[in-house]
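Down below is the structure, laid out as C-alpha cells.
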Number of protein chains: 2
Amino acid sequence: MGRRNQHSREEQRRMALDAADALVAAEGLAGFSMRKVALTMGYTVGNLYLLFSNQDDLLAEVSLRTADAMYEYLRGVAAKPKAPLERLQAIAAGYIGFAQKHSFRWRLMFEHYLPPEKWDHPGLNARQAALFEFVEEHLSPLLPDASPKQLRTAATALWSSVHGLCVLSATGKLHWSGLKDVRPLSDLIVRAFVAGLREERG
Amino acid sequence: MGRRNQHSREEQRRMALDAADALVAAEGLAGFSMRKVALTMGYTVGNLYLLFSNQDDLLAEVSLRTADAMYEYLRGVAAKPKAPLERLQAIAAGYIGFAQKHSFRWRLMFEHYLPPEKWDHPGLNARQAALFEFVEEHLSPLLPDASPKQLRTAATALWSSVHGLCVLSATGKLHWSGLKDVRPLSDLIVRAFVAGLREERG
DNA sequence: GAAGAAAATGATCAGCGTTCAAATCGCGGC
DNA sequence: GCCGCGATTTGAACGCTGATCATTTTCTTC
C-alpha cells in the first residue's frame with residue numbers, strides 16, 4: 001500500500017490508543033501485543049512504530065489515560081461526603097474500587113515498570129503529583145495546623161498506605177487471611193493515620 | 001544423550017533454582033528466560049520442564065526463596081532495638097531496605113502475578129501469613145488491650161501501608177516529589193498509625 | 001500522463017515458552 | 001562381553017513476540 005490519508009497521524013494515534021486500551025482492559029498486560037493493536041485499528045505492525053517509538057511508549061500513554069480517568073472518577077467520589085474524614089475515606093475506598101473494577105487497566109499503571117532513567121517522564125510524573133495533591137487538598141482540613149511541608153509529607157505517607165492495601169488485595173496477597181471486604185481496612189488506615197497525626201501535633 | 005545421572009532430580013531442581021535466582025538478581029524479570037537458566041545449569045531447555053511444570057512454577061519457587069531470605073533478614077533487624085515502637089519502625093525500614101538492596105528479587109515477588117485461580121498456593125500463602133504474623137507479634141506490645149481479631153486487622157493494615165510506601169519508592173512513583181530518603185516516611189507511617197490506634201481504644 | 005514525495009506494508013530477524021519424537025546412556029541378564 | 005530395555009536427556013519444531021527497513025503503493029503536482 002502507500003499513502004491512504006484516511007486518517008491523520010493524530011487520528012491514528014488516537015485509534016491505536018483506543019485499541020490498546022481496550023485490549024489491556026480485556027486481556028491484561030499478558031495478552032497485549034503490538035500486532036493485536038495494529039490488527040484492531042486496521043493497520044500493520046510497522047505503521048505502529050511510526051506512531052510510537054516502541055511498546056513501552058504506547059503503554060505509557062495508555063497508563064496516562066487510565067490515570068486521567070481515575071482522577072476524574074475520584075473527583076466525583078469526593079464530591080459526595082460532606083465531613084472531611086468521611087470524604088477522605090470515600091476517596092480511599094474509591095481508589096480501591098476503581099482498581100478492582102478496572103483491574104487490568106489499573107495494574108498496567110504499576111506493572112508496566114519503567115527503568116530508572118525514564119522516571120523523569122513529564123506526563124506520568126504530573127499525574128502522580130496531581131493525585132497526591134488531590135489527597136493533600138482533602139487532608140488539609142483535618143490537619144489545619146500543619147505546615148505545607150508537613151502536609152505534603154502526610155499526604156504522601158497516607159496515600160502510599162492506601163495504595164499498599166490496594167496492591168495487596170488486587171494481587172491476591174491478602175488471600176491467605178480470608179478477608180472479603182477491604183473497606184474496613186481502608187477506613188481504618190485513614191482514620192488511624194489521621195488521628196495519630198492530629199495527636200502528634202497537639 | 002540420555003541418562004547421565006550425575007545429578008538427581010532434587011539436585012537438578014536446586015541447581016535450576018540457584019541459576020534462576022542469580023539470573024533474576026542480575027537481570028530482573030525482563031532479562032529472565034528458561035533457556036538462560038538451562039544453559040547456566042548445564043542442561044537443555046526440555047529438561048527444565050521435567051523439573052518444573054512451567055516458567056510460572058519455577059518463578060514461584062524463586063519467590064519463595066526470596067520470601068524466606070527476607071523473613072530471616074527481618075528477624076535479624078527486629079533483634080536489635082529494645083523499645084517496641086522503635087523495633088516496629090526498624091522492621092519497616094528493614095523491609096524497605098531489603099527491597100532496595102535486592103531490588104530485582106523483591107520485585108519478582110510482586111511483579112510475577114499469578115491468576116486468581118492460583119491464589120491458593122500453599123507455600124506463597126504461608127510466607128505471606130508468616131510475614132503478617134511477624135508484624136502482629138511486634139505490634140501486640142503496643143496494643144495490649146486489643147483483641148486477637150483487632151490485632152490481626154491492625155497488623156494487616158499497618159503492613160499494607162508500609163508495603164505501599166515500599167512499592168512506590170521502588171518503582172519510581174515518588175520520584176516527582178524529589179524525595180531522597182524514605183525512612184522518615186516509614187517512621188511516620190508506623191508512628192502515626194500506632195498512635196491513632198492507641199487513641200482509638202482508649 | 002509522468003515524476004517525485006509521502007505513506008504504509010510485510011518479510012525478516014532474533015528471541016521467547018513449550019512440546020515431544022528421537023537419541024543416548026546405564027544396567028541387569030545372558 | 002554384549003545385548004536389549006527402560007530411564008533419561010536432548011534439541012528441533014511450533015507459534016508467538018518486539019522491532020526494523022527496503023519495497024511497494026498511493027497521492028499530489030506539474
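Chain letters run A, B, ... following the sequence lines, proteins first, then strands; residues in each count from 1.
For the pair A/Tyr49 and D/dT20, the criterion of a side-chain N or O lying under 4.0 Å from OP1 or OP2 is not met. Proximity of A/Gln12 to the phosphate of C/dA8: a side-chain N or O atom is located under 4.0 Å from OP1 or OP2. In this structure, A/Ser33 reaches the D/dT17 phosphate: one of its side-chain N or O atoms is under 4.0 Å from OP1 or OP2.
By the 4.5 Å heavy-atom criterion applied to side chains, A/Phe32 and A/Phe104 are not counted as neighbours. Using a 4.5 Å cut-off on side-chain heavy atoms (C-beta onward), B/Leu17 and B/Phe52 make contact.
Between the C1' atom of D/dT25 and the CD atom of A/Gln6 lies a distance of 13 Å, rounded to the nearest Å. For the pair B/Asp56 CG and C/dC16 C1', the interatomic distance rounds to 14 Å; values are reported in whole Å. Rounded to whole Å, atom C1' of C/dA6 lies 12 Å from atom CG of A/Asn47. The distance from atom NE2 of A/His7 to atom C1' of D/dC27 is 16 Å, rounded to the nearest whole Å. Taking atom CG on A/Leu48 and atom P on D/dA19, their separation rounds to 10 Å, with Å as the unit. For the pair B/Gln55 CD and C/dG15 P, the computed distance is 17 Å after rounding to whole Å. Atom CG of B/Leu58 is separated from atom C1' of C/dT18 by 14 Å (rounded to the nearest Å). Put simply, CD on B/Glu11 is 11 Å from P on D/dT9, counting in whole angstrom units.
For B/Tyr43, the side-chain atoms get nearest to D/dT9 when compared with the rest of D/dT9, C/dT18, D/dG18. Checking C/dA8, D/dT10, C/dG17 against every side-chain atom of B/Phe32, the shortest atom distance belongs to C/dG17. Comparing D/dT9, C/dT18, C/dA8 against the side chain of B/Leu50 picks out D/dT9 as the nearest.
Under a 4.0 Å N-O distance rule, the pair B/Arg198/A/Glu199 does not qualify as a salt bridge. Note on A/Glu27 versus A/Lys36: salt bridge recorded, some NZ/NE/NH1/NH2 to OD/OE distance being below 4.0 Å. Between A/Asp18 and A/Arg65 there is a salt bridge, with a side-chain nitrogen of the basic residue lying less than 4.0 Å from a carboxylate oxygen of the acidic one.
In terms of polar N and O atoms assigned as donor or acceptor, the side chain of B/Arg35 comes within less than 3.5 Å of the base of C/dG17 in a complementary pairing.
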